[in-house]
Amino acid sequence: MEANMAAADGVRHVFPNAEIVQVPVSDGGEGFLCAYHAAIGGKIIETPVRDPLMRRISAQYLLQGETAVIEMAQASGLTLLTEEERNPMVATSYGTGQLVADAVRHGAKHVIIGLGGSATSDAGTGMLRALIDSFAPKGSWNDIEALRDIRFTIASDVKNPLCGKNGAAHVFAPQKGATPEMVNRLEERAMKFAEVSAKHFGYDRSSMEGAGAAGGLGYAFLEYLNAECQSGIQLLLGAINFSELVKDANLIITGEGAADRQTLMGKLPMGILEHAAGIPVALIAGRIKDKEKLKEAGFTQVECINPPTLPLSEAMQKEVALHNIEQTCANLLNK
């Protein structure tokens, strides 16, 4: 929302009387809760949970009628840990399970979970343990009745399976602090869990798109809770009726931290581009690679907000970033 306001200020430098519609968006990671709250309203509920290292913290989720929206990063996110604390061998998704349990206790019948920004690679075992502890503390998964009529939707733009060279451990664990040895152990752990689970249920969803999201948390929701997997950005854009919001626009400005060829693989800006209905879309980012490929995909302008000589540590400072967003948006409209 702050980035939106900075961009709007930049537009007003050039066109003071412009009509500007600000739409906070997220593809499932940090900001998912805020974006959904802006889109559908509802009540923000705060509850005590455990962080990835099982320390007590407070986290939030959204409740609108019988729909709950959970941002897993609130309880199990990488931003909750210092760089030295990152260790996917021990980081747990337990806190996310606590958020789900609290939402169900508050009457949620449909639970939407944004999978992004995770510190974990536990294939969702921590989340499942929290649900057992909440609803069947002296029993097992089969003893849980409270979740039988609850519908789950996981919001993720990650299409990776749980295991293999494109799976959760090999692709995502290194950025969460895993060494090559840890990656192999995490892979073995996930494969064993999927094998045992498949024998129990008689089906195996470890290869489904989204199973590798959030360190395999996607798999746990798919296998154990029959979740439906949807693109995070598509889900949100549908909820806010984005196409109707922008139908009279002259320009759409969107952005992300780093834009490159991975952006073209269904990430947030591509969702915006696909819903633009022919309206020009400008893409801004803190770092740009593969600029020509991005323009070939349909973005009319692709601009880096940071001067080439600006050190990363300075670029990451909030006030600097907001100023650079504002300046870049003004420059876009002066071209």
Side-chain angles (χ1 to χ4, degrees), residues 1 3-4 21-45 59-77 93 96 99-100 103-104 108-118 124 127 150-161 205 208-223 225-247 252 254-257 262-277 281:
M1 292 178 80
N4 275 351
V21 178
Q22 298 182 42
V23 184
V25 290
S26 165
D27 57 6
E30 294 90 345
F32 188 67
L33 193 64
C34 173
Y36 249 94
H37 191 212
I40 67 173
K43 181 182 179 184
I44 295 287
I45 295 178
Q60 298 178 331
Y61 65 91
L62 174 67
L63 191 65
Q64 169 62 286
E66 293 186 340
T67 298
V69 180
I70 290 171
E71 179 185 310
M72 72 85 58
Q74 284 266 329
S76 312
S93 57
T96 297
L99 287 176
V100 172
V104 170
K109 300 295 184 190
H110 179 204
V111 182
I112 300 169
I113 305 98
L115 301 183
S118 72
M127 182 273 293
I150 311 297
R151 184 161 66 96
F152 290 90
T153 302
I154 54 173
S156 173
D157 292 303
V158 168
K159 301 187 187 307
N160 305 62
R205 293 176 178 163
M208 286 180 68
E209 286 191 357
L217 182 60
Y219 164 74
F221 277 106
L222 292 165
E223 181 80 16
L225 292 162
N226 292 310
E228 176 189 9
C229 182
Q230 291 193 26
S231 157
I233 186 59
Q234 303 290 356
L235 196 63
L236 180 62
L237 294 180
I240 62 177
N241 202 4
F242 181 78
S243 299
E244 186 66 22
L245 279 177
V246 301
K247 68 177 183 180
I252 298 168
T254 188
E256 62 180 337
Q262 287 190 28
T263 299
L264 307 178
M265 297 166 66
K267 291 178 76 175
L268 188 150
M270 283 303 293
I272 300 291
L273 187 63
E274 288 164 10
H275 281 73
V281 179

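Model, not experiment: these values are computed from the prediction. Count residues from 1 along the sequence. Atom set for the values below is all heavy atoms of this structure, side chains included, hydrogens, waters and symmetry mates excluded.
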Original post:
CD of Gln262: more than 12 outside heavy atoms within 6.0 angstrom?
Top reply: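 No - once you tally the heavy atoms of other residues, nucleotides and ligands closer than 6.0 Å, there are 12 at most.
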Rounded to the nearest 0.5 Å, what separates atom [atom1] in [X] from atom [atom2] in [Y]?
X	Y	atom1	atom2	answer
Met270	Leu264	CE	CG	5.5 Å
Ser93	Leu99	OG	CG	11.0 Å
Ile154	Met72	CD1	CE	11.0 Å
Met1	Cys34	CE	SG	5.0 Å
Glu71	Ser26	CD	OG	6.5 Å
Ile112	Ile70	CD1	CD1	10.0 Å

For [X] and [Y], work out which heavy atoms get closest and say how close.
X	Y	answer
Gly124	Leu217	CA-CD1, 3.7 Å
Gly117	Ala73	O-CB, 4.2 Å
Ala38	Pro24	CB-CG, 3.9 Å
Ala239	Ile40	CB-CG2, 4.4 Å
Leu237	Gly271	CD1-O, 3.5 Å
Leu63	Ala108	CD1-CB, 4.1 Å

Subject >> Residue pairs, two or more places apart or on separate chains, that pass side chain to side chain donor-acceptor pair (under 3.5 Å) and touch residues 226-240 >> reply: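 Checked against side chain to side chain donor-acceptor pair (under 3.5 Å) - neighbours excluded - the pairs reaching residues 226-240 are Asp157-Ser231, Arg205-Asn226, Glu228-Gln230, Gln234-Glu274, Gln234-His275.
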Under a 4.5 Å cut-off applied to non-hydrogen side-chain atoms, are [X] and [Y] in contact?
X	Y	value
Phe242	Val25	no
Leu273	Ile252	no
Thr254	Leu268	yes

Subject >> Partner residues of Lys109 under the side chain to side chain contact (heavy atoms under 4.5 Å, CB included) criterion, sequence neighbours left out >> reply: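 Residues passing side chain to side chain contact (heavy atoms under 4.5 Å, CB included) with Lys109: Glu66, Ile150.
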Original post:
With Tyr61, which of Ile44, Val69, Ile45, Val111 fulfils side chain to side chain contact (heavy atoms under 4.5 Å, CB included)?
Top reply: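 Filter result, single survivor: Ile45.
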**OP:** Sequence neighbours left out, what passes ring-ring contact (aromatic ring centres under 6.0 Å, His included) with Phe32? Give chain and number order.
**Re:**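 Phe32: ring-ring contact (aromatic ring centres under 6.0 Å, His included) contacts with Tyr36.
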